[in-house]
Amino acid sequence: MVVHFDVAVIGAGAAGMMAASVAGQRGLRVVLIDHAKKLAEKIRISGGGRCNFTNIGTTAQNFISQNPHFCRSALSAYTPQDFLRLVNAYGIAWHEKHKGQLFCDDSSESIIQLLRQECAKGNVSWRMPCAVQAIQKTDSGYQLATDGGAIACEQLVIATGGMALPQVGATDFALRVARQFGLKVVEPRPALVPLTFDASSWKPFVPLSGVSAEVMLSNQTKPRVQFLEDLLFTHRGLSGPGILQISSYWQPGQSICINLLPEQDLGQQLVAAKKGNRQQLDNYLATFLPRRLVEQWLNAMQILPAGWEQKKVADMGDKALLQLGQALQSWTLFPTGTAGYKKAEVMRGGVDTNELNQKTMAVKTHPNLYFIGEAVDVTGWLGGYNFQWAWASAVACGRAL
Ligand code: FDA
């Protein structure tokens with residue numbers, strides 16, 4: 001027996017639930033299908049369990065895409081304030097952490113419940129857990145072969161996200177569907193992900209594991225970006241918000257640059273500090289940076305001769321001090337890889353935006369097929385931007401269905 005719906009949405013995550021609820025509340029008969037046993041795991045674990053559900057400063061500049069303009073239309077048609085109104089209507093308490101990032105006060109579970117209730121208002125039908133084995137184009141739309149039997153729909157929405165965190169059910173389903181319908185896919189890569197180094201070159205920095213500092217990070221190739229964020233040393237390499245941000249712009253073979261002391265000119269400061277300064281160099285540097293970082297980092301880099309710690313600032317040559325400042329403020333590194341999809345927060349790349357209508361997310365060559373959310377080649381920075389894209393692309397689609 002084939003069950004008929006106006007719309008089938010595959011993937012009941014952030015974007016899928018939002019699109020289904022909008023379409024359902026417009027009176028369409030919608031079915032939402034997901035293969036997971038537990039609903040919306042990524043929302044549940046997001047923001048450390050408190051879901052950084054949007055960023056009030058969202059603009060197109062906070063996204064990476066082969067077409068940086070593609071996301072503008074959807075983002076301006078459904079803004080962070082629009083989602084915030086929904087959050088407020090459900091009485092969900094929230095706070096701004098920093099840099100426009102809005103988090104739930106209590107638990108991300110409240111965002112899942114909000115979306116569930118919005119779906120209920122639209123009488124959305126559920127098939128979960130339910131895997132989709134095949135999609136076939138028919139004269140009147142699409143037919144899906146699923147674990148729960150055949151489903152026919154006039155319009156089909158693919159909202160199965162990206163490949164980050166396969167351990168909670170992420171798959172390449174959206175990319176496979178795109179290829180099935182002859183659509184171009186921008187090469188997917190893990191993004192918002194720790195960067196790793198080969199074991200021998202990283203060995204001198206291993207004692208720094210657990211140390212963090214606020215630094216300025218930049219990439220070396222266009223588009224050039226800079227992030228002032230925390231950096232965290234790990235056993236295998238570098239992590240922390242700053243590294244996650246720059247990782248989305250990093251490509252294999254490229255370098256990244258770290259200024260361990262942003263917003264000052266350390267070299268000049270050291271030279272100026274020489275006059276009458278009888279402090280030891282390590283004590284003086286420890287007034288700027290964590291002592292463990294100063295000591296281990298300088299030993300690992302071997303910029304100064306052994307025994308440098310004992311030297312007094314006043315006894316150092318200007319050239320050596322300027323070099324030291326330069327080294328700490330433009331540390332250039334060549335990561336050898338990333339920690340991969342298992343540790344990534346998102347997938348970069350995805351369905352090529354040239355294939356989609358920017359106002360509706362419909363496939364230009366298959367007007368009844370839609371891709372939304374992370375499956376599309378629109379990747380947000382860390383800080384609530386990825387959920388805002390999920391909401392905005394879903395609403396654009398939900399209103400057009
Ligand atoms: P999402 O991944 O939410 O949903 C896809 C759904 O499709 C899932 O329910 C999955 O089970 C289902 N699915 C997959 N393959 C399927 C198949 N073959 N058949 C059927 N169903 C299938 N962003 C942000 O803005 N703020 C934050 O705080 C965080 N925090 C965060 C933490 C961690 C640890 C991660 C991994 C990610 C984040 N993110 C984030 C990113 C954010 O979670 C992500 O961008 C959105 O969830 C994407 O929404 P989608 O609906 O596109 O995919």
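For ligands, and for the atoms within them, numbers begin at 1 and follow the listed sequence. Side chains are part of it too, since the values below use all heavy atoms of this structure and drop only hydrogens, waters and symmetry mates.
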_More than 12 heavy atoms of other residues, nucleotides or ligands under 6.0 Å from NZ of Lys364: yes or no?_
yes
*asked:* Ignoring hydrogens and geometry beyond distance, is a side-chain donor-acceptor pair present between Gln113 and Glu109 at under 3.5 Å?
replied: yes
*Below 4.0 Å from any atom of ligand 1, is there a heavy atom belonging to Gly384?*
yes
*Who gets closest to atom 36 (C) of ligand 1 by heavy atom: Asp147, Asn386, Val376, Leu165?*
Leu165
*Under the side chain to side chain contact (heavy atoms under 4.5 Å, CB included) rule, what do Trp297 and Arg292 come out as? Steps first, then yes or no, please.*
CA-CA 8 Å; Trp297 190 85; Arg292 203 169 133 211; over 6 Å; no
*Specify whether Phe181 and Tyr142 have parallel, tilted or perpendicular ring planes, treating 30° as the upper limit for parallel and 60° as the lower limit for perpendicular.*
perpendicular
_Among all the protein's non-hydrogen atoms, which is closest to atom 38 (C) of ligand 1, and how far away is it?_
Glu345 OE1, 3.7 Å
Contacts under 3.5 angstrom, residues 369-384 side chains, donor-acceptor by atom type, not counting sequence neighbours:
unit_1, atom_1, unit_2, atom_2, d
Tyr370, OH, Gln155, OE1, 2.9
Glu374, OE2, Met347, N, 2.9
Asp377, OD2, Gln66, N, 3.0
Trp381, NE1, Tyr249, OH, 2.8

*Could you list the atoms of ligand 1 found under 4.0 angstrom from a heavy atom of Glu374?*
44 (C), 45 (O), 46 (C), 48 (C), 52 (O)
*May I ask you to list the atoms of ligand 1 that are less than 4.0 angstrom from any heavy atom of Ala36?*
11 (O)
_ligand 1 atoms in contact with Gly161 (distance to a heavy atom under 4.0 Å)_ = 5 (C), 52 (O), 53 (O)
*Name the option, out of Ile372, Leu102, Thr160, that contains the heavy atom nearest to atom 14 (C) of ligand 1.*
Thr160
*Polar-atom distance check: Ala14 versus ligand 1, any N or O pair below 3.5 Å?*
yes
*asked:* Can you report which non-hydrogen protein atom sits closest to atom 15 (N) of ligand 1, along with the distance?
replied: Thr171 OG1, 2.6 Å
*Closest non-hydrogen atom pair between Ile43 and Gly13, with its separation*: CD1-C, 4.5 Å
*asked:* Below 3.5 Å, N or O to N or O, backbone or side chain included: is there any such pair between Asn52 and ligand 1?
replied: yes
*Pull out every atom of ligand 1 sitting under 4.0 Å from any heavy atom of Gly373, numbered as shown with elements.*
52 (O)
*asked:* For ligand 1, which is the ligand I care about here, please tell me if Ala15 has any N or O atom under 3.5 Å from one of the ligand's N or O atoms.
replied: yes
*Distance filter under 4.0 Å to Ile45 heavy atoms, resulting ligand 1 atoms*: 34 (C)
*Looking at side-chain heavy atoms only, is the closest gap between Asn259 and Leu217 below 4.5 Å?*
no
_Is it the case that ligand 1 has an N or O less than 3.5 angstrom from some N or O of His35?_
yes
*Give the numbers and elements of all ligand 1 atoms closer than 4.0 Å to a heavy atom of Ala159.*
5 (C), 6 (C), 7 (O)
_Minimum-distance protein heavy atom relative to atom 29 (C) of ligand 1_ = Ser46 CB, 3.6 Å
*Give the atoms of ligand 1, by number and element, whose distance to some non-hydrogen atom of Val346 is under 4.0 Å.*
41 (C), 45 (O)
*Where the side chain of Gln226 meets the backbone of Ser218, is there a donor-acceptor pair that is under 3.5 Å apart?*
no
*How about Tyr385 and Trp389: are their ring centres within less than 6.0 Å of each other?*
no
_Sub-3.5 Å N/O-N/O distance, Val132 and ligand 1_ = no
*For ligand 1, does Ala164 get within less than 4.0 Å through its side chain, its backbone, both, or neither, judged by non-hydrogen atoms?*
neither
_Using a strict threshold of under 4.0 Å (side-chain N to carboxylate O), is an ion pair present between Asp82 and Arg85?_
yes
*What is the closest protein heavy atom to atom 4 (O) of ligand 1, and at what distance does it sit?*
Gly13 CA, 3.3 Å
_Using salt bridge (Lys or Arg N to Asp or Glu O under 4.0 Å), reason through Asp315 and Lys311 one step at a time and then give a plain yes or no._
CA-CA 7 Å; Asp315 298 337; Lys311 284 236 175 193; over 6 Å; no
_Before you tell me yes or no, could you show the steps for Lys274 and Asp318 under salt bridge (Lys or Arg N to Asp or Glu O under 4.0 Å), namely the whole-Å CA-CA distance, both residues' side-chain angles and the distance that decides it to 0.1 Å?_
CA-CA 9 Å; Lys274 277 175 70 173; Asp318 287 5; 2.7 Å; yes
*asked:* I'd like to know if the side chain of Tyr78 and the backbone of Gln388 have a donor-acceptor N/O pair within less than 3.5 Å.
replied: no
*Inspect the surroundings of CD in Gln136 and state if more than 12 heavy atoms from other residues, nucleotides or ligands are less than 6.0 Å away.*
no
*Under a 4.0 Å heavy-atom limit, does Phe173 contact ligand 1 with its side chain, its backbone, both, or neither?*
side chain
*Could you find the nearest protein heavy atom to atom 8 (C) of ligand 1 and give me its residue, atom name and distance?*
Asp34 OD2, 3.4 Å
*Please state whether the rings of Phe53 and Phe83 are parallel, tilted or perpendicular, taking 30° and 60° as the class boundaries.*
tilted
*Nearest protein heavy atom with distance in Å, relative to atom 47 (O) of ligand 1*: Phe387 CE2, 3.4 Å
_Need the ligand 1 atom indices (1-based, order shown) with element for anything under 4.0 Å from a heavy-atom of Tyr385._
25 (O)
*Compute the shortest N/O to N/O distance between Gly11 and ligand 1 and return yes if it is under 3.5 Å, no if not.*
no
